[in-house]
Amino acid sequence: MRIRATVAAVTGALALSAFAVPAVQADEKPDAGLSVPSGAEIFGDAAGAPAAKARSARAPEVPVIKKVVVNGGKDIVVGTTAKKKFTVSVTASSPSGIADGFAYLWHGHIDEVDGVLVPVQDRGNCKASSRTTSTCTVSITVDPRSDDLYTSSLAGTWNVAAGALSARQGKEDFIWNEYQAKARVQRASQITVNAAPEPVKKGKTLTVTGKLSRANWDTHTYKGYSGQPVKLQFRKKGSSTYTTVKTVKTNSTGNLKTTVKASVDGYWRYSFAGTSTTPAATAAGDFVDVK
């Protein structure tokens, strides 16, 4: 049976040895130095089949990975409670065809892995596009309330380990690369806006407030995102286009506040461009009637 990457609280490098460790308890937090499986462990049993052993005298048939796509090419955005499911597809080719493809995500450094996201299945779901080429897909489910994402510092860029096994299935007929691709896992964001007073007399001051917040995976709540530039935008009634009026920075608690002069009826909103750890967010327009 294939060895699955069960995350455990162990110390050490990105393991290339046998992977068999106890699961982390629900009330524990993993330490940095998690162990993850190598390509030999991922494909080892399949490559050890009797038919494969009979062919072991031949030169290895090492597949070529053509492409790896994570979450359809989009960032993986995770909130505070809902599970996030996404796929990783590995397209590979080999003269004999492809028997399996597999992938998982890991975070940290080669000698200090502090996060691992593994598929829910032991084998990829492979579909052949030709005699030599197949795309194999695995599904990963992230639960922000589990040890999958036990701290907000895991937000950002993750490594994608991926590989493929030739249909010949000899003990060396596979390719595996811990750095095959990159993917971003982000903390979900929210933004609000309120323009007041409503209605307002033409030429009078309009105060526009709001708040930018993002998921905190340590507390499973949304917390204000401080020191971030956010655009205040306006759309005139009857128009379909927003224009940027000014840029406002969030304060220490993520709050936004600025003033403008009221001139015509229209919609006000705040728009955040996003960062490497947090996706973009735009508030729904708040209509103000100018008298």
Side-chain angles (χ1 to χ4, degrees), residues 1-21 23-24 30 32-47 60 62-76 78 84-94 98-126 134-142 147-150 154-166 169 171-186:
M1 182 177 71
R2 170 179 289 164
I3 301 170
R4 284 188 66 179
T6 305
V7 179
V10 295
T11 302
L14 185 62
L16 298 178
S17 59
F19 185 81
V21 290
V24 174
L34 302 178
S35 182
V36 292
S38 66
E41 294 166 316
I42 293 293
F43 300 120
D45 286 347
V62 180
V64 175
I65 295 179
K66 302 285 191 178
K67 181 171 61 174
V68 172
V69 179
V70 180
N71 194 36
K74 299 178 181 178
D75 292 332
I76 303 157
V78 183
K84 172 66 176 181
K85 184 177 180 180
F86 64 95
T87 61
V88 183
S89 64
V90 179
T91 301
S93 64
S94 192
I98 298 298
D100 192 12
F102 202 74
Y104 60 78
L105 277 62
W106 65 275
H107 184 273
H109 301 285
I110 193 70
D111 58 349
E112 194 173 355
V113 177
D114 57 8
V116 185
L117 301 177
V118 297
V120 297
Q121 75 264 40
D122 290 338
R123 296 182 62 87
N125 178 19
C126 297
S134 293
T135 296
C136 302
T137 303
V138 295
S139 296
I140 298 176
T141 299
V142 183
D147 287 321
D148 291 342
L149 297 172
Y150 57 91
L154 291 175
T157 301
W158 287 57
N159 295 292
V160 182
L165 175 67
S166 164
Q169 299 186 55
K171 66 179 181 180
E172 295 180 348
D173 293 340
F174 68 86
I175 187 169
W176 186 258
N177 185 357
E178 280 88 2
Y179 296 95
Q180 184 64 49
K182 301 285 186 182
R184 292 203 304 192
V185 181
Q186 297 183 312

Rounded distance [0.5 Å steps], CH2 in W176 versus CD1 in I65 = 8.0 Å
Using side chain to side chain donor-acceptor pair (under 3.5 Å) as the criterion, list what pairs up with N71, not counting sequence neighbours.
-> none
Residues which pass side-chain contact (heavy atoms from CB on, under 4.5 Å) with V64, listed by chain and number, not counting sequence neighbours = S93
Could you check if a side-chain atom of V185 sits within less than 4.5 angstrom of a side-chain atom of L154, using non-hydrogen atoms only?
-> no
Within-4.5 Å side-chain heavy-atom neighbours: F43 and I175 | no
S166 to P63 - nearest heavy-atom pair and separation | N-CG, 3.6 Å
Heavy-atom pair with the smallest gap, counting every atom of W158 and V116 | CZ3-N, 3.8 Å
State, with a plain yes or no, whether a side-chain heavy atom of L105 is found less than 4.5 Å away from one of I76.
-> yes
Smallest heavy-atom separation, F102 atom then G124 atom, equals CD1-N, 4.3 Å
On a heavy-atom basis, the closest approach of G101 and V138 is O-CG1, 4.2 Å
To the nearest 0.5 Å, what is the distance between CD (E178) and CD1 (I110)?
-> 5.5 Å
Pairing residues for K66 by the side chain to side chain donor-acceptor pair (under 3.5 Å) criterion, not counting sequence neighbours = none
Of all heavy-atom pairs linking P119 and Y104, the shortest is CD-CB, 3.9 Å
Among all residues two or more places apart in sequence or in another chain, which pass the side-chain contact (heavy atoms from CB on, under 4.5 Å) test with D75?
-> R184, Q186
Kindly assign one of parallel, tilted or perpendicular to the pair Y179 and W106, based on the angle between their ring planes and the thresholds 30° and 60°.
-> perpendicular
Is the backbone of S139 close enough, under 3.5 Å, to the side chain of Q121 for a donor and an acceptor to pair up by distance?
-> yes
Could you pull out all donor-acceptor pairs under 3.5 Å where a side-chain atom in residues 84-92 meets a protein atom, sequence neighbours excluded?
{"unit_1": "T91", "atom_1": "OG1", "unit_2": "T135", "atom_2": "OG1", "d": "2.8"}

Which heavy-atom pair separates D100 from R123 by the least distance, and what is that distance?
-> CB-NH2, 3.7 Å
